[in-house]
> 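Questions regarding the structure given below will be posed in turn.
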Amino acid sequence: MADDTTPRAAVALAKTRSPHLVDPATIPGWGVDADRDNDPTYPMRDQSRDVGLTRDWDRPAGQMPDVEILQSIEHVRRPAVVGTSSPPSGVSGMMRRAAFRWSESNWLHWLLLLGADRVNVVEGVVEDLAQARIPNIPAETGIRAQIAFNKRGLAKKTVVTAGIAALAVGLIATRRGRGEGASDNVA
Amino acid sequence: MLAMDYRGPYRVRLSQKPMPRIEHPQDAVVRVTRSCICGSDLHLYHGMVPDTRVGMTFGHEFCGIVEQVGSAVETVKPGDHVLVPFNIACGRCHFCQQGLFGNCHESNAQATAVGGIFGYSHTAGGYDGGQAEYVRVPYADVGPMVIPDWMDPDDAVLLTDVVPTGYQAAEMAGIQPGDTVVVFGAGPVGIMAARCAWLFGAGRVIVFDMHDYRLDFVRRYAPAEVYNFKEVDDVVVFMKKTTDGLGADVCIDAVGGDAKGNFLQWLTGSKLKLQAGSAIPLHWAINSVKKGGVVSVVGVYGPTGNMVPIGNVVNKGITIRANQASVKRLLPRLIDHVRKGHIDPKAMITHRLPLDAVADAYRMFADKLDGCIKPVLVPHG
């Protein structure tokens with residue numbers, strides 16, 4: 001048994017650098033039921049190449065980005081290569097920076113990011129207007145495809161949207177009317 | 001250069017953006033020849049993925065010609081026509097060494113759950129994608145592969161995501177000869193999962209969807225037994241009845257968070273964003289699979305949480321397996337399958353559009369218009 005378990009124990013020890021290591025040799029029956037064929041991760045993970053903690057892997061050279069990169073607090077170090085697509089900016093950027101105070105397991109992290117995404121949409125429109133560009137929202141939402149292939153759906157959507165808008169305007173107008181009436185009474 | 005430009009949920013346009021440049025010695029710049037819109041792009045398009053920033057360019061399924069390489073790139077050179085896996089992977093880290101190229105630890109600063117993905121929000125690294133004239137490709141020695149001379153680029157571009165994802169769905173399912181396999185979703189990934197289930201020896205392949213034209217396609221292409229779930233009272237009861245009360249050996253979720261079929265899930269997941277997408281196919285899969293069966297998940301969900309019957313997972317002894325496809329690991333096998341005619345990826349392409357039609361292409365794909373199954377953008381067509 002010792003011949004069988006000793007190499008595996010060595011492998012197991014090599015896979016961790018925990019300060020709380022227990023010597024498997026002191027545990028009666030350690031590894032006697034280990035079964036290499038019982039591997040539910042195959043073939044997604046090649047366990048023969050899992051040598052445990054490999055902080056010393058031959059890391060690629062680190063990129064030196066010239067824009068702000070937000071980083072998950074679950075990372076011990078910044079990954080060697082990063083994306084530089086759309087750096088955080090404006091109010092949405094402030095919200096994103098705040099979000100990265102929390103880990104990926106915290107709902108607040110994601111809710112703040114989703115909120116920032118919505119604020120960012122408004123910022124995008126403002127940015128367009130600042131550049132004297134009026135966004136062509138019907139074209140951006142693919143209205144040509146709808147006209148070509150979904151006239152009925154488009155008409156239905158237009159009627160429903162117009163109806164909801166009319167209802168909203170009507171409700172606001174009614175409330176304002178009541179408000180003015182009330183203040184007239186007070187006066 | 002011209003590139004797709006995300007302006008907010010349901011709004012995209014073509015804009016002038018700066019040319020990508022070499023930002024790291026292992027980068028390449030690729031001139032895009034074909035770029036698909038993927039079903040998972042629709043999760044971005046619908047505003048479901050956190051940290052999807054205005055101004056970003058989507059597109060993680062593309063191939064193109066290498067224009068420029070960084071000083072450390074050795075395996076590809078300018079002029080090579082390459083297919084580019086959607087995973088951005090270093091090839092060296094703890095996970096890449098085990099073949100988990102979708103989980104690279106050296107390519108995504110913003111999150112640890114997933115490696116970098118081209119054009120897939122900052123939650124997947126913040127890289128611009130390939131729905132553009134040019135794209136920056138990090139780790140150019142690891143992911144990109146020169147397209148074999150004999151291979152049609154239309155086949156090659158689909159090997160960057162949809163084919164490996166469908167294949168890995170079937171692979172993770174551990175299909176045994178004669179197994180009954182159910183695939184939820186007849187989008188391109190579901191179609192490919194159904195086709196690949198046969199390669200693993202399935203005895204019966206069933207596909208559920210709500211669009212008849214897609215069901216007609218997969219019925220001929222896979223071939224599969226198909227059902228429109230809108231015409232079935234209860235998918236789970238239907239599955240039990242058609243398997244002598246046992247359930248399917250394997251269920252595959254090939255839809256993800258944009259699913260329809262249950263009002264509560266759709267409202268809380270797709271519309272109110274209280275869940276990370278509507279987990280209807282996952283719900284059906286868990287309840288339709290037999291006790292001791294396998295549920296394989298390749299449908300994309302957000303990072304927060306979903307309502308799924310986890311108690312039934314325990315009580316039925318179900319194995320759930322899931323991951324982003326590890327494209328690089330699968331490519332040699334899949335190229336062989338294409339060469340031998342076991343799979344015909346390009347048959348799924350229904351629409352070929354210029355890059356300036358990107359907004360209409362998204363709408364067409366999202367709303368399932370004009371029999372759309374797989375749209376391909378051709379930037380330099």
Side-chain angles (χ1 to χ4, degrees), chain A residues 40-41 43-47 49-51 53-54 57-61 63 65 69-72 74-75 78-86 88 92 96 99-100 104 107 110-111 113-114 116-118 120-121 123-125 127-128 135-137 139-146 148-150 153, chain B residues 7-13 23-26 47 50-57 72 88 90 92-94 97-100 105-113 116 122-123 125-128 138-139 168 171-172 273 302-305 319 321 323 326 357 359-364 367 369-370:
Chain A
T41 69
M44 293 159 56
R45 171 187 175 192
D46 181 354
Q47 296 219 7
R49 289 191 284 172
D50 180 1
V51 293
L53 294 180
T54 50
W57 71 67
D58 179 20
R59 295 193 75 214
Q63 181 181 335
I69 304 293
L70 298 177
Q71 182 173 317
S72 167
E74 295 181 34
H75 270 302
R78 177 185 283 176
V81 161
V82 294
T84 53
S85 167
S86 310
S92 65
R96 294 188 207 283
F100 276 85
E104 294 159 60
W107 208 282
W110 301 111
L111 287 179
L113 288 175
L114 275 173
D117 291 347
R118 300 299 171 261
N120 200 193
V121 173
E123 290 172 333
V125 174
E127 181 188 303
D128 275 343
N136 185 348
I137 291 176
E140 290 173 357
T141 55
I143 197 166
R144 282 187 307 181
Q146 298 210 60
F149 305 113
N150 190 26
Chain B
R7 305 311 298 172
Y10 302 90
R11 285 178 55 212
V12 299
R13 69 188 183 206
E23 298 185 46
H24 182 271
Q26 289 177 261
D51 216 355
T52 303
R53 302 181 191 170
V54 168
M56 194 170 191
T57 296
I88 299 172
C90 72
R92 298 177 181 182
C93 71
H94 181 77
Q97 284 175 22
Q98 297 167 65
L100 295 168
H105 213 56
E106 292 282 14
S107 58
N108 183 2
Q110 279 87 352
T112 55
H122 279 67
T123 296
Y127 297 90
D128 273 332
Y139 299 126
Q168 187 167 311
E171 182 191 54
M172 289 190 298
K273 319 287 193 248
T304 49
T319 299
R321 302 177 76 184
N323 204 349
S326 182
D360 298 312
Y362 266 89
R363 174 58 67 182
M364 195 183 291
D367 288 1
L369 304 179
D370 195 34

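This is a predicted model, so every value here is computed, not measured. Below, read A as the first sequence line, B as the second, and so on, with proteins coming before strands; counting in each chain starts at 1. These numbers come from the heavy atoms of this one structure, side chains and all, not from hydrogens, waters or symmetry mates.
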> A:Leu111, A:Asn150, A:Thr84, A:Thr41: which one forms the most heavy-atom pairs within less than 4.5 Å of chain B?
A:Thr84

> Check each atom of A:Arg96 against the heavy atoms of chain B and say whether the ones under 4.5 Å are side chain, backbone, both or neither.
side chain

> Counting heavy-atom pairs under 4.5 Å to chain A, which of B:Gln26, B:Gln168, B:Lys273, B:Met56 comes out on top?
B:Met56

> Looking at A:Asp46, A:Leu113, A:Val121, A:Asp117, which one has more heavy-atom pairs under 4.5 Å with chain B than the rest?
A:Asp117

> Quick one: which of B:Ala109, B:Ala113, B:Ala361 has the most heavy-atom pairs under 4.5 Å with chain A, could you say?
B:Ala109

> As an exercise: rank A:Gly142, A:Ala99, A:Ala148 by heavy-atom pairs under 4.5 Å with chain B and give me the winner.
A:Gly142

> Check whether A:Ile143 gets within reach of chain B through its side chain, its backbone, both or neither, counting any heavy atom under 4.5 Å.
backbone

> Ion pair present between A:Glu140 and B:Arg7, side-chain N to carboxylate O less than 4.0 angstrom?
no

> By a 4.5 Å heavy-atom criterion (distance strictly below it), what part of A:Ala139 contacts chain B: side chain, backbone, both, or neither?
backbone

> Of all of B:His24, B:Gln110, B:Glu106, which one pairs up most often with chain A through heavy atoms under 4.5 Å apart?
B:Glu106

> Just give me the residue among B:Gly8, B:Ser107, B:Gly55 that pairs up with chain A most often, heavy atom to heavy atom, under 4.5 Å.
B:Ser107

> Would you call B:Arg11 and A:Pro135 a side-chain contact if the rule is heavy atoms closer than 4.5 Å?
yes

> I'd like to know which of B:Pro303, B:Gly99, B:Gly125, B:Cys90 tops the heavy-atom pair count under 4.5 Å against chain A.
B:Pro303

> Measuring heavy-atom distances to chain B, does A:Pro40 have an atom under 4.5 Å in its side chain, in its backbone, in both, or in neither?
backbone

